[in-house]
Amino acid sequence: MAEKQIFSLKQVVQSIQRTLEERYNSSYWVKAELHKLNRYPSGHAFPELVQREDAKIVAQLNGSIWKTQLERIEKQFHHVVQEPLKEGITVLMLTKITYHPQFGLSLQILDIDPSYTLGELQREREETLKKLLKEGILHQNQQLALPLLCKRIAVISAKTSKGLSDFYEVLDQNPYGFTFHSTLVEAYVQGDLAVQSIYEALQQIKAQKAQFDVVVIVRGGGAEVGMTCYNQYELCRAICTFPLPILTGIGHSTNQTVAELVAHQHAITPTKLADIFVQQFKAFDERISQLQQKFATAVLHQLVQSKHVLNQRTQQLAHSSRRNLNLHGQQLETLHIKGQFISVQRINNEFTALDAIQTKIDLLDPLLVLKRGYSITTMNGELLSKKKSISNGMRIQTQTENGLFESEIVNAGT
C-alpha cells in the first residue's frame with residue numbers, strides 16, 4: 001500500500017497562490033455592484049462585490065482598495081459623477097486577481113471608471129422614464145389644476161437645509177406683504193436614505209391632503225451630490241400619482257432628474273421656487289387692481305351717459321309739460337266759461353221754482369184765507385171737522401179776520 005502524500009494547509013494555499021499569480025498575472029476590467037463598501041478606520045476598504053440576475057445574486061467575491069488608491073478613486077469619481085462612491089451602484093473596476101493565504105481570493109481594485117457608472121445612472125434614469133410612460137402616468141401630476149393662490153404649502157425638506165431657509169426667507173420677506181402658511185415635513189432629501197424618507201413624507205401629507213394646496217420638495221446647496229435618488233422609480237411614481245400638485249427646487253443640476261421632469265413645476269433653486277408663489281400672488285393682485293380700475297372707469301362712463309340721458313329726458317319732459325299745460329289751460333278756460341253759463345242758468349231755474357213754491361205758500365196762508373171771509377173753528381186746539389162729534393156744553397173757538405171768539409154748544413142737534 002502506497003504511503004499517503006500529506007500537504008499542510010499552508011502548502012495548499014501557497015500552491016493556489018502561485019497558480020493564480022502565474023495564471024492571472026495581468027489586470028482585468030470587471031463590472032460588478034458594490035453591495036457593501038466596508039470602510040475601515042485605517043482608510044482601506046474591503047467591498048463585497050456581487051452580480052445579480054433577476055434580482056438574485058449569482059456571483060459574489062470580496063474586493064480590496066488600499067487607502068491611497070481609494071482617496072484617488074473617490075476624488076475622481078465625485079468629480080465626474082457628482083456622487084460619492086457608495087453602496088448599491090454598479091461600477092467598472094480595473095482589478096487584479098489576488099490570493100492571500102489568510103484572507104483568500106479577492107479582487108484588488110486598482111481603479112474605477114466613473115464614466116461607466118455615470119452611464120449606468122443615466123440608464124436607470126431612462127428606465128424610470130420608460131416605465132412611467134408605459135403606465136400612462138408620466139404627466140399625471142402636471143395635469144392637476146394649480147390653485148388660483150397657493151397659500152397652504154406642505155414643505156418636504158431637512159430642517160437644517162440651507163435651501164429651506166432660503167425658501168422661507170423669500171416667502172416671509174416678500175415686499176408685497178403677502179402671507180403664506182407652510183408646514184414642514186422633515187425628510188432626508190439627498191443620498192441613499194432620501195428615497196424612502198421622501199416617500200414616507202408624501203404619505204404623511206397625503207393622509208391630510210385637505211389641509212394643503214400644494215407640496216414642495218426643497219434641497220439646498222450648490223453641489224449636485226446625492227441627486228440620483230430623484231431618478232429612482234418608486235419615488236418618481238409616488239410624485240406622478242400624488243393627488244396634490246408637487247413642485248421641486250432641488251438644486252443646480254444641468255441634467256434634470258426624473259422627479260423634476262414629472263413634477264407639476266420645478267425650479268432650479270428653492271429661492272426660485274418660492275418666487276413662483278410670490279409672483280402668483282402678485283399677478284393676482286395686479287389683475288384685481290386692473291379690474292377695479294376698469295370697473296371704476298365703466299361706472300364713471302355709465303354715470304356720464306346716464307346724466308346726459310337724464311338731462312335730455314328732463315328737457316323733453318319740461319317741453320312736454322309746458323305744451324300740455326297750455327293745452328289743458330285752454331280746455332279749462334273753455335270748461336270754466338261753460339260752467340259759468342250752466343251754473344247761472346241752473347240758479348235762475350231754481351229761483352223760478354222757488355218763486356212758484358212761495359206763491360203756493362202765500363195762497364195757503366191762513367191770514368189770507370180769513371181776509372177772504374172764512375173762519376177757522378177749533379175745539380181744544382184741534383180743527384172742528386165733520387167727523388168730530390159734538391155735544392151740548394162743549395166749548396169751541398172761532399178765529400175770524402177780526403179776532404178769536406169762544407162759544408158754548410147749547411143745541412148740538414142731530
Side-chain angles (χ1 to χ4, degrees), residues 1-124 127 188 190-196 225-229 231-232:
M1 182 176 180
E3 186 177 354
K4 294 180 180 179
Q5 189 176 6
I6 299 174
F7 299 95
S8 67
L9 180 59
K10 182 177 179 181
Q11 289 175 318
V12 172
V13 296
Q14 286 177 341
S15 176
I16 294 174
Q17 182 179 27
R18 287 193 301 269
T19 301
L20 290 176
E21 287 176 351
E22 291 173 359
R23 173 66 180 82
Y24 298 100
N25 57 5
S26 300
S27 57
Y28 307 92
W29 285 101
V30 178
K31 65 176 182 177
E33 176 188 327
L34 291 176
H35 181 56
K36 292 183 180 179
L37 196 51
N38 293 327
R39 296 175 182 270
Y40 278 69
S42 61
H44 307 312
F46 299 92
E48 293 180 16
L49 307 173
V50 300
Q51 179 180 343
R52 299 178 190 271
E53 291 181 1
D54 298 327
K56 294 181 179 180
I57 296 177
V58 295
Q60 183 171 351
L61 192 61
N62 292 328
S64 61
I65 313 176
W66 307 126
K67 178 180 178 181
T68 55
Q69 293 169 330
L70 181 59
E71 291 175 351
R72 174 181 55 80
I73 288 171
E74 285 192 313
K75 183 177 180 180
Q76 179 66 14
F77 190 91
H78 185 278
H79 176 72
V80 175
V81 182
Q82 296 296 314
E83 293 280 342
L85 187 65
K86 60 184 180 180
E87 298 173 352
I89 60 174
T90 300
V91 293
L92 181 61
M93 306 166 290
L94 181 61
T95 65
K96 183 178 180 180
I97 298 174
T98 62
Y99 186 84
H100 192 278
Q102 285 181 286
F103 304 112
L105 183 67
S106 68
L107 290 179
Q108 182 182 350
I109 300 173
L110 307 175
D111 201 358
I112 291 179
D113 182 1
S115 298
Y116 178 86
T117 303
L118 187 63
E120 283 294 297
L121 295 177
Q122 181 63 23
R123 182 189 62 78
E124 180 186 20
E127 283 296 318
Y188 293 102
Q190 61 188 43
D192 298 337
L193 300 177
V195 173
Q196 184 62 27
V225 177
M227 295 290 285
T228 56
C229 60
N231 290 325
Q232 203 275 341

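Below, each value reflects all heavy atoms present in this structure, side chains not excepted, and no hydrogens, waters or symmetry copies. Fair warning: this is a prediction, and the values are worked out from it, not measured in the lab.
- Considering only heavy atoms from C-beta on, L70 comes within 4.5 Å of L85 through its side chain.
- When each of T90, V58, L61 is checked for a side-chain contact (heavy atoms from CB on, under 4.5 Å) with Q51, only V58 meets the rule.
- Annotation: F77, atom CZ; neighbour count of heavy atoms from other residues, nucleotides and ligands within 6.0 Å is above 12.
- In this structure, the separation between CG on L105 and CG on L20 is 6.5 Å, given to the nearest 0.5 Å.
- Remark: of the listed residues K86, Q190, E120, K86 is the sole one forming a side-chain hydrogen bond (donor to acceptor under 3.5 Å, both in side chains) with T228.
- Here salt bridge (Lys or Arg N to Asp or Glu O under 4.0 Å) pairs that include residues 102-119, with residues two or more places apart or in two chains, are R72-D111.
- Distance check: Y24 OH to L107 CG gives 10.5 Å after rounding to the nearest 0.5 Å.
- Annotation for K67 and H44: closest pair N-ND1, 2.9 Å, computed over non-hydrogen atoms.
- Taking CG from L94 and CG from L110, the interatomic distance works out to 5.0 Å, rounded to the nearest 0.5 Å.
- Between L92 atom CG and L118 atom CG the span is 13.0 Å, to the nearest 0.5 Å.
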Next on the checklist: If you apply the rule side-chain contact (heavy atoms from CB on, under 4.5 Å), what do you find for M93 with L49, and how did you get there?
Outcome noted: CA-CA 11 Å; M93 306 166 290; L49 307 173; 3.9 Å; yes

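- Nearest heavy-atom pair, G88 versus E33, reported as atom, atom and distance to 0.1 Å: CA-OE2, 4.0 Å.
- Here the side chains of Q69 and I109 are not in contact, with every heavy-atom distance at 4.5 Å or above.
- In this structure, Q14 CD and L9 CG are separated by 9.5 Å, a value rounded to the nearest 0.5 Å.
- Minimum interatomic distance between K36 and E87 (heavy atoms only, all atoms of both residues): CA-OE2, 3.5 Å.
- In this structure, P47 and N38 have side chains that are not in contact, with every pair of non-hydrogen atoms separated by 4.5 Å or more.
- Here I97 contributes atom CD1 and Q108 contributes atom CD; the two are 11.5 Å apart, rounded to the nearest 0.5 Å.
- Looking at every heavy atom in both residues, Y116 comes nearest to K31 through OH-CD, 3.2 Å.
- Ring geometry for H100 versus F103: interplanar angle of 30 to 60°, hence tilted.
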